[in-house]
Participant: 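Right, I'll just put the structure down here and ask away after.
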Amino acid sequence: MSLLEVQEVGVRFGGVLALESLSFSLEAEQICALIGPNGAGKTTLFNVISRIYEPSQGQVRFDGHDLLAAPAHKIMDFGVARTFQNLALVPGLTVLQNVMIGAYGRSRGGIWASTLRLPPVRAEERRVTSRSLEILDRLGLSEVASRPCAGLPYGTLKRIEFARALASEPKLLMLDEPASGLTHGEVDELGLLIQQIRDEFSLTVLLVEHHMSMVMAISQKVVVMDLGRKIAEGTPAEVAQDPRVIAAYLGAPA
Amino acid sequence: MSATATTGASAHRSPGDWALKVAPWVVLFVILAIVPFQFPSFRVEQFCFWMTLAIAACGLNLLTGYNGQISVGHGALFGIGAYTTGILITEFGVPLFGATVASAVLCFATGILIGLPALRIKGLYLALVTLAVATLFPLLLEQFSAITGGSGGLQITSPQLYRGEMRERPIRLESPVAGLENDQWKYFVFLGITVVIFILSRNLIKSRVGRSLVAVRDNEVAAESSGIPVSQVKIVTFGLSAAIAGIGGSLFALDQGQLYPSSFTIVLSIYILVAVVVGGAASIIGPAIGAVFYGLFSDVIVQQMPDRIQPARAVILGVLLILLMLLAPGGIVGGFRTLQAKWSARRSSALNSGPDPIV
Ligand SMILES: Nc1ncnc2c1ncn2[C@@H]1O[C@H](COP(=O)(O)OP(=O)(O)OP(=O)(O)O)[C@@H](O)[C@H]1O
Ligand SMILES: [Mg+2]
């Protein structure tokens, strides 16, 4: 059975149909790319899955759970983590603390125990700290661990979000344009890193990205969207030759 | 890999930085310990009052500084704590400790009630709701004069042994230590409670829960998608913040021995908020420093000013506040941190450790 199943999801903003009866599925430990021109509805789909937007129709099932029946803060519990296209970091916290926020749902310690700094709370704090530092280290961010996020380069901030998502020990990782703001060399490097991380953490990855070279190089499956609808789906080689895809990207009517 | 992993966070902290961190605390505690012996009794009483406000400001800081919810109504919560303590002691003979705990619990519940609308409304609108609470509170006290004593005041009394028999007498803290006057004893009791509350709130802020407060303040979407139950965090923070303000109020009742509605007007709420902002919102010690500065201004400096300019004291305070906010938008603690950062940057420009934003 597929890990993620998106079934006939529709989202409407006033007169705009941001998603129109979108369906696709995702197999475990795949890297699946979601591509399409600006405004195709890719980020909207992420927001549906993470329960930020309420779809007007459809179903989303993940690992046996009905995601649309759960509140937003439960989605991470099921094993879905994401990054944001326009960054959603916590400027009042250090880089390390931001990553530790990702581990919130995977750690314990309530108000009273924390207030009294009981030994289990301290042990848990040490565990989460060293785990988060490991992740930062794995992503090459050790240098900035104790810095506030403010003032760091855009690419670094995107990578901190990546680290935060990993800290939640996800099964499905959704990356919204992780390569934006990177140079060509850095893009290739990031593609490699995503593949390695997928293998190390046994992840399934849903990737939104405009850098086609990276998409073609690392994904097993590509879903192409335009104007809220799925216009093609298949292996990278298949979609690259699809006339509808070529038309959508060139802006001509399909 | 693991070598960097375990040391990364605090690797570049030299002994000099450490001394810089600890020295102010040592100085502070020495000053706090000798203060009650250097000032006349009425001043020591004032210091006790400032401490009750520092506690309330500490509570408000959790809410406003760390969780980003503005309340202009903490004076009312402070008042609920004070009146609950007063009524429980006078009418029901509840011992002081029990009355303080009960006040905190009642304020927690009240805070949750005020926090519920805060889920739907934000920013200035929330401030307006809390403003309404602050405005209504003294009116309610007068309305329910049967239990609050109305504008005639509530004299807090407890049964005490007096000339060989039990009588209702005004409550006070008797010093059990030979060399200490009653007011000095009260000072140290209040100081102990204040320090404990500040340490506990520091523990909370530095924990997983504290990080969730800041995450909710800075980015609700990020918080929610990281598994933080945003609504629950907001409501519980409101309750907790109210409970701490209530403890401050409870001590205030003990401090004053009598309560009047006129002590719990909107002015008190603003006072508490100003203490947070002046001291430095989102710094743990900030509210205490702010409370002392405000106390110094209104109880000491204003009294020294010539009578002619007395009526203008609100204007003077306002101008001072504006100046402070221009010079140090992060309050006194914020300004201090900036200086500290500049200083250590000058000494070691190589390493950029930066201030820890959650302290
Ligand atoms: N919150 C919103 N309110 C109104 N309209 C929205 C909202 N979010 C998205 N839309 C609209 O939905 C459509 C899809 O937007 P979306 O952000 O999902 O596109 P995208 O595929 O992520 O594009 P890009 O590649 O530029 O990030 C657009 O027409 C956009 O204007
Ligand atoms: Mg997008």
Side-chain angles (χ1 to χ4, degrees), chain A residues 47 50-52 71-77 80-82 84 87-94 96-98 100-111 113-117 121 124-125 128-134 136-138 142-143 145-151 161 164-165 167-168, chain B residues 1-13 62 65-68 196-197 199-233 236-237 239-240 244 282 351-359:
Chain A
N47 287 341
S50 45
R51 300 290 287 128
I52 297 169
H73 68 265
K74 287 280 178 220
I75 300 304
M76 191 237 83
D77 280 354
V80 180
R82 70 173 289 184
F84 293 83
L87 295 174
L89 286 161
V90 183
L93 298 176
T94 61
L96 172 63
Q97 287 164 339
N98 265 281
M100 290 169 83
I101 282 289
Y104 180 89
R106 299 280 177 245
S107 53
R108 294 150 60 79
I111 285 201
S114 301
T115 301
L116 298 172
R117 260 175 79 75
V121 166
E124 185 75 344
E125 189 76 4
V128 173
T129 305
S130 70
R131 176 91 188 101
S132 303
L133 283 168
E134 269 169 38
L136 281 171
D137 194 50
R138 180 64 189 86
S142 312
E143 297 285 286
S146 57
R147 294 252 303 252
C149 293
E161 283 209 342
R164 178 177 67 190
S168 72
Chain B
M1 162 176 160
S2 60
T4 23
T6 45
T7 54
S10 54
H12 21 265
R13 223 169 244 158
L62 286 183
Y66 287 99
N67 199 218
V196 166
I197 287 177
I199 289 176
L200 293 183
S201 82
R202 172 192 175 278
N203 288 349
L204 185 68
I205 286 307
K206 295 234 168 199
S207 74
R208 165 179 179 269
V209 178
R211 287 190 295 272
S212 76
L213 256 56
V214 177
V216 167
R217 176 194 72 190
D218 285 355
N219 200 321
E220 286 191 21
V221 169
E224 196 97 50
S225 67
S226 298
I228 298 170
V230 170
S231 306
Q232 189 190 325
V233 166
V236 172
T237 307
L240 189 67
I244 298 172
L351 295 170
N352 188 350
S353 59
D356 185 359
I358 202 174
V359 179

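None of these values were measured; they are calculated from a predicted model. We name chains A, B, ... by the order of the sequence lines, and we start the count at 1 in each one.
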Participant: Could you check which of Val90(A), Leu87(A), Asn47(A), Val128(A) has the highest count of heavy-atom pairs closer than 4.5 Å to chain B?
Facilitator: Val90(A)
Participant: Which heavy atom of Ile101(A) sits nearest to which heavy atom of Ala215(B), and what is that distance?
Facilitator: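 The answer is CD1-CB, 3.7 Å.
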Participant: Can you name the nearest heavy-atom pair linking Ala88(A) to Ala222(B), along with the distance?
Facilitator: O-CB, 3.0 Å
Participant: Contact part of Leu240(B) toward chain A, heavy-atom cut-off under 4.5 Å: side chain, backbone, both or neither?
Facilitator: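 Contact with chain A: side chain only.
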Participant: With a 4.5 Å heavy-atom cut-off, do Ile111(A) and Leu204(B) have their side chains touching?
Facilitator: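 The answer is yes, as the side chains (C-beta and beyond) meet within the 4.5 Å cut-off.
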Participant: Under 4.5 Å from any heavy atom of chain B, what part of Ala72(A) do you find: side chain, backbone, both or neither?
Facilitator: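 Both parts, heavy atoms under 4.5 Å.
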Participant: Heavy-atom cut-off 4.5 Å, strictly under: side chain, backbone, both or neither for Ser107(A) against chain B?
Facilitator: both
Participant: To the nearest 0.5 Å, tell me how far Arg164(A) CZ sits from Ser225(B) OG.
Facilitator: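 Reported to 0.5 Å precision, the distance equals 6.0 Å.
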Participant: Can you tell me which portion of Phe84(A) sits under 4.5 Å from chain B's heavy atoms? Options are side chain, backbone, both or neither.
Facilitator: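 Contact with chain B: side chain only.
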Participant: If I take atom OG1 from residue Thr94(A) and atom CZ from residue Arg211(B), how far apart are they, to the nearest 0.5 angstrom?
Facilitator: 8.5 Å
Participant: Quick one: what part of Leu136(A) sits under 4.5 Å from any heavy atom of chain B, side chain, backbone, both or neither?
Facilitator: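 Leu136(A) has no heavy atom closer than 4.5 Å to chain B.
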Participant: Kindly compute the distance separating OG1 (Thr115(A)) from CD1 (Ile199(B)), expressed to the nearest 0.5 Å.
Facilitator: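 Atom-to-atom, Thr115(A):OG1 and Ile199(B):CD1 are 13.0 Å apart.
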Participant: Could you measure the distance from the CD atom of Gln97(A) to the CZ atom of Arg208(B)? Nearest 0.5 Å is fine.
Facilitator: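 Gln97(A) atom CD to Arg208(B) atom CZ measures 14.5 Å (nearest 0.5 Å).
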Participant: Given a strict heavy-atom distance threshold of 4.5 Å, which part of Arg108(A) is in contact with chain B: side chain, backbone, both, or neither?
Facilitator: backbone
Participant: Flag the one option from Ile228(B), Val221(B), Val209(B) with the top tally of heavy-atom pairs under 4.5 Å to chain A.
Facilitator: Ile228(B)
Participant: Answer yes or no: does atom CZ of Arg202(B) have more than 12 heavy-atom neighbours from other residues, nucleotides or ligands under 6.0 Å?
Facilitator: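 At most 12 heavy atoms, drawn from other residues, nucleotides or ligands, come within 6.0 Å of this atom.
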Participant: In Å and rounded to the nearest 0.5 Å, what is the CE to OG distance from Met76(A) to Ser226(B)?
Facilitator: 8.0 Å
